Q: 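Got a structure here, written out as structure tokens. Questions coming.
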4 protein chains.
Amino acid sequence: MFELDLRSRDPIYQQLVDKFKALIIKKVLQTDEKLPSVRTLAQQMTINPNTIQKAYRELESLGFIYSIKGKGSFVAPMVEEENGEAIRTIKASLSQLIQEALFLGVTKQDIIELIERANHHLHSKEGE
Amino acid sequence: MFELDLRSRDPIYQQLVDKFKALIIKKVLQTDEKLPSVRTLAQQMTINPNTIQKAYRELESLGFIYSIKGKGSFVAPMVEEENGEAIRTIKASLSQLIQEALFLGVTKQDIIELIERANHHLHSKEGE
Amino acid sequence: MFELDLRSRDPIYQQLVDKFKALIIKKVLQTDEKLPSVRTLAQQMTINPNTIQKAYRELESLGFIYSIKGKGSFVAPMVEEENGEAIRTIKASLSQLIQEALFLGVTKQDIIELIERANHHLHSKEGE
Amino acid sequence: MFELDLRSRDPIYQQLVDKFKALIIKKVLQTDEKLPSVRTLAQQMTINPNTIQKAYRELESLGFIYSIKGKGSFVAPMVEEENGEAIRTIKASLSQLIQEALFLGVTKQDIIELIERANHHLHSKEGE
DNA sequence: GTGGTCTAGACCACG
DNA sequence: GTGGTCTAGACCACA
């Protein structure tokens with residue numbers, strides 16, 4: 001399904017969270033779609049089920065998925081309200097990263113291109 | 001010199017690294033300028049010297065500073081050629097962050113504004 | 001008859017228990033009134049009969065209903081004497097919840113208003 | 001420090017969360033006060049450290065405490081902003097519980113008494 | 001010594 | 001079969 005870097009400094013469960021967040025944001029996984037079961041995924045990736053569960057738990061508390069005992073874990077519907085804080089946070093992160101990128105020689109045009117591409121990915125799956 | 005958030009979830013040494021990176025990027029600290037000594041800084045900020053040292057080591061391995069035994073640590077000159085990998089890395093991070101931002105409702109125009117502002121900050125110190 | 005939230009984190013059978021408790025408390029269901037049969041309800045709500053049965057078992061052990069083999073389940077009459085423990089339990093829960101509410105900024109007057117409203121709901125069906 | 005019911009239906013870590021929440025709300029534990037270390041508490045209560053950590057992690061994501069690697073876990077300062085949703089949630093819970101209490105024979109006066117007592121507990125530690 | 005991550009393996013609750 | 005909890009025990013990152 002996707003790759004993990006076991007040598008990375010950031011923990012496996014965090015990488016899982018990021019991957020799933022991306023998949024949900026890109027609408028590859030759609031609202032109410034079922035995620036692979038904890039055990040199945042654990043087996044596929046040869047990872048301990050507890051680690052998967054930790055990732056799922058985190059995703060749940062972030063509002064990206066919901067889990068039901070005995071049934072599975074599912075993509076949560078987006079709630080548009082009150083993303084205010086999230087937006088402020090992400091803008092701050094973006095600012096810092098952009099500044100570093102410019103410093104390294106990335107041009108404004110390069111970044112705009114990244115935006116275009118992201119925008120495209122985001123909307124291509126829109127109506128499906 | 002600058003502030004640290006001792007309550008933050010990310011480690012102190014990491015905050016130090018980020019602050020110094022920012023100062024170097026903004027040219028507040030200029031090429032070959034001497035950084036405060038480990039001891040001095042540790043005393044000023046009432047922080048464990050080991051923590052400072054770890055930050056300096058990290059900055060050195062990132063190529064932002066160089067250290068000379070018995071003399072101190074200094075801001076490294078930018079080497080444009082070796083940025084290839086750094087640029088690829090940061091572009092990947094940017095892509096992901098931009099996608100998430102767009103998802104949350106930040107507009108392309110918002111991001112371009114962030115770029116402008118970063119650009120401004122970056123060049124305002126240019127000729128000093 | 002009523003709605004269930006299949007996405008909720010608390011189990012379906014528990015939601016059923018709560019709904020029935022509410023209906024009995026509000027006297028929508030009156031003493032000795034017959035509850036829908038397990039099969040019927042299961043079919044109506046497209047839910048596993050085992051789940052209904054578990055809810056009924058729970059309601060029975062809580063003293064809200066009684067079941068007669070081959071006849072069905074019925075709303076139990078209130079027995080004032082046996083409430084001692086239940087009252088102690090619920091007072092403890094209330095205390096904790098009230099404390100948390102006050103902490104969050106809910107006022108005494110707010111809570112009294114909630115009591116009034118609950119009281120009203122409770123007695124509006126009284127004489128029917 | 002406090003008691004746990006190992007037989008209870010709700011998990012140990014949840015009981016821990018509730019206990020600490022109460023202690024923080026009652027100001028028994030004050031802002032920036034250090035909580036017992038994961039290992040220490042685990043040993044004292046003869047509970048697995050992982051379980052304690054799970055409780056602390058939950059408390060952190062709820063905003064009641066913050067944890068710093070290598071230093072410990074501490075009571076977080078209260079942020080008054082945007083408790084709106086929390087208040088709505090708790091009012092709903094209160095309504096339901098009050099209705100059930102009234103049904104069981106608890107009087108309005110009884111509940112008001114509980115409020116008084118909670119209010120007293122809450123403010124007695126205020127200025128310390 | 002502190003919190004954080006991960007594994008292995010057991011048992012429970014739910015549907 | 002599903003998620004959830006708990007234990008035991010190991011190793012890492014931080015200050």
Side-chain angles (χ1 to χ4, degrees), chain A residues 4 6-16 34-43 46-58 60 65-74, chain B residues 4 6 8-16 42 45-55 58, chain C residues 4 6 8-16 42 45-55 58, chain D residues 4 6-16 34-43 46-58 60 65-74:
Chain A
L4 290 181
L6 298 183
R7 278 183 279 166
S8 165
R9 336 175 45 95
D10 50 329
I12 297 177
Y13 86 92
Q14 184 63 56
Q15 294 181 49
L16 282 168
K34 189 175 180 303
L35 272 61
S37 90
V38 171
R39 287 159 168 81
T40 307
L41 193 54
Q43 211 164 6
T46 54
I47 277 181
N48 190 296
N50 288 332
T51 305
I52 309 281
Q53 203 179 23
K54 192 167 187 177
Y56 278 15
R57 191 183 185 76
E58 179 76 6
E60 186 172 11
I65 70 172
Y66 60 92
S67 298
I68 306 179
K69 262 195 221 178
K71 301 211 70 170
S73 299
F74 307 85
Chain B
L4 292 180
L6 298 181
S8 166
R9 46 186 324 102
D10 46 327
I12 295 176
Y13 89 92
Q14 185 63 58
Q15 293 182 51
L16 281 168
M45 318 200 64
T46 56
I47 277 182
N48 191 317
N50 293 332
T51 306
I52 310 280
Q53 213 158 25
K54 180 155 192 180
E58 182 78 5
Chain C
L4 292 180
L6 298 182
S8 166
R9 46 185 324 102
D10 48 325
I12 296 176
Y13 89 92
Q14 185 63 57
Q15 293 183 50
L16 281 168
M45 319 200 64
T46 55
I47 276 182
N48 191 317
N50 293 332
T51 306
I52 311 279
Q53 212 157 23
K54 181 156 192 178
E58 182 79 3
Chain D
L4 292 180
L6 299 182
R7 277 184 278 165
S8 164
R9 337 177 44 99
D10 50 330
I12 296 177
Y13 86 92
Q14 185 62 58
Q15 294 180 49
L16 282 167
K34 190 175 180 304
L35 272 61
S37 90
V38 170
R39 288 159 168 81
T40 308
L41 192 55
Q43 210 164 5
T46 54
I47 276 181
N48 190 296
N50 288 332
T51 306
I52 309 282
Q53 204 179 23
K54 192 167 187 177
Y56 278 15
R57 191 183 185 75
E58 179 76 6
E60 186 173 10
I65 71 172
Y66 60 93
S67 298
I68 306 179
K69 261 195 221 178
K71 303 210 70 171
S73 298
F74 307 84

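All values derive from a computational prediction rather than experimental measurement. Chain identifiers are assigned alphabetically (A, B, ...) following the order of the sequence lines, protein sequences preceding nucleic acid strands; residue numbering begins at 1 within each chain. Any value given below was found using the heavy atoms of this structure, including those in side chains, with hydrogens, waters and symmetry copies removed.
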Q: Calculate the interatomic distance between D:Tyr66 atom OH and E:dG4 atom P; express it in whole Å.
A: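 After rounding, the reported distance stands at 13 Å.
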Q: Taking only the side-chain heavy atoms of C:Tyr13 (C-beta and beyond), determine which of F:dC6, E:dG15, F:dG3 contains the nearest atom.
A: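 For C:Tyr13, the side-chain atoms sit closest to E:dG15.
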Q: For the side chain of D:Glu60, starting at C-beta, report the closest nucleotide among F:dT7, F:dG3, E:dG4.
A: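 The listed nucleotide nearest to D:Glu60's side chain is E:dG4.
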Q: Using a cut-off of strictly less than 4.0 Å, decide whether B:Lys54 has a side-chain nitrogen or oxygen near OP1 or OP2 of F:dC14.
A: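 It does, given that an N or O in the side chain of B:Lys54 lies less than 4.0 Å from OP1 or OP2 of F:dC14.
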Q: When you measure from the side chain of B:Pro11, which nucleotide among F:dT2, F:dA15, E:dG3 comes out closest?
A: F:dA15
Q: Is there a donor N/O on one and an acceptor N/O on the other, under 3.5 Å, for the side chain of D:Asn50 and the base of E:dG4?
A: no
Q: Measure distances between side-chain N and O atoms of A:Asn48 and base N and O atoms of E:dA8, and say whether any donor-acceptor pair falls under 3.5 Å.
A: yes
Q: What are the two closest non-hydrogen atoms of A:Asp10 and A:Gln15, and how far apart are they?
A: O-NE2, 3.0 Å
Q: Looking at A:Tyr56, does any N or O in its side chain come under 4.0 Å of the phosphate oxygens OP1/OP2 on F:dG3?
A: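 Looking at the OP1 and OP2 atoms of F:dG3, neither is under 4.0 Å from any side-chain N or O of A:Tyr56.
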Q: Distance check needed: F:dC12 P versus A:Asp10 CG, whole Å only.
A: 17 Å
Q: Rounded to the nearest 0.5 Å, what separation is found between the CD atom of C:Gln14 and the OG1 atom of C:Thr51?
A: 12.5 Å
Q: Using a 4.0 Å heavy-atom cut-off across all strands, classify D:Ile68 as base, sugar-phosphate, or nothing.
A: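 Contact class for D:Ile68: sugar-phosphate only.
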Q: For F:dT5, take OP1 and OP2 only and decide whether either is under 4.0 Å from a side-chain N or O of A:Arg57.
A: yes
Q: Can you tell me if A:Gln53 touches the phosphate of F:dG3, counting only side-chain N or O atoms and a distance under 4.0 Å to OP1 or OP2?
A: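 No, no such contact exists.
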Q: Please give the nucleotide sitting opposite E:dC14 as a Watson-Crick or G-U wobble pair, both distances under 3.5 Å, or none.
A: F:dG1
Q: Tell me: CG of A:Leu4 to C1' of E:dC6, nearest whole Å?
A: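 Value for this atom pair: 13 Å.
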Q: To the nearest 0.5 Å, tell me how far A:Lys54 NZ sits from A:Ile12 CD1.
A: 10.5 Å
Q: Quick one: B:Leu6 CG to E:dT2 P, roughly how many Å, whole number?
A: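 Whole-Å distance recorded here is 19 Å.
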Q: Do D:Tyr56 and D:Pro36 make a side-chain contact, defined as non-hydrogen atoms from C-beta onward lying under 4.5 Å apart?
A: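 Heavy-atom side-chain distance check passes, below 4.5 Å.
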Q: Rounded off to whole Å, could you give me the NZ-to-C1' distance for the D:Lys69 and E:dT5 pair?
A: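 D:Lys69 atom NZ is separated from E:dT5 atom C1' by 9 Å.
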Q: Mind listing the closest non-hydrogen atom pair of A:Tyr13 and D:Arg57 along with its distance?
A: OH-NH2, 3.0 Å
Q: Separation of A:Gln43 atom CD from E:dT7 atom C1', in whole Å?
A: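 After rounding, the gap between these two atoms is 15 Å.
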Q: Check the distance between F:dA13's P and A:Arg7's CZ and give it to me in whole angstrom.
A: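 Atom CZ in A:Arg7 sits about 15 Å away from atom P in F:dA13.
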Q: Figure out the NZ/C1' separation between A:Lys34 and F:dG3, and round it to whole Å.
A: 10 Å
Q: Would one find a side-chain N or O of A:Thr51 under 4.0 angstrom from OP1 or OP2 of E:dT7?
A: yes
Q: If you go through the side-chain atoms of D:Arg39, does one of them form a donor-acceptor pair with the base of E:dG3 closer than 3.5 Å?
A: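 By the distance-only test, yes, there is a pair.
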Q: For the CD atom of A:Gln53 and the OG atom of A:Ser37, what is their distance to the nearest 0.5 Å?
A: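 Here the rounded value is 11.0 Å.
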Q: Where the side chain of D:Ile12 is defined as all heavy atoms beyond and including C-beta, which of E:dC14, F:dA13, F:dC6 is the nearest nucleotide?
A: F:dC6
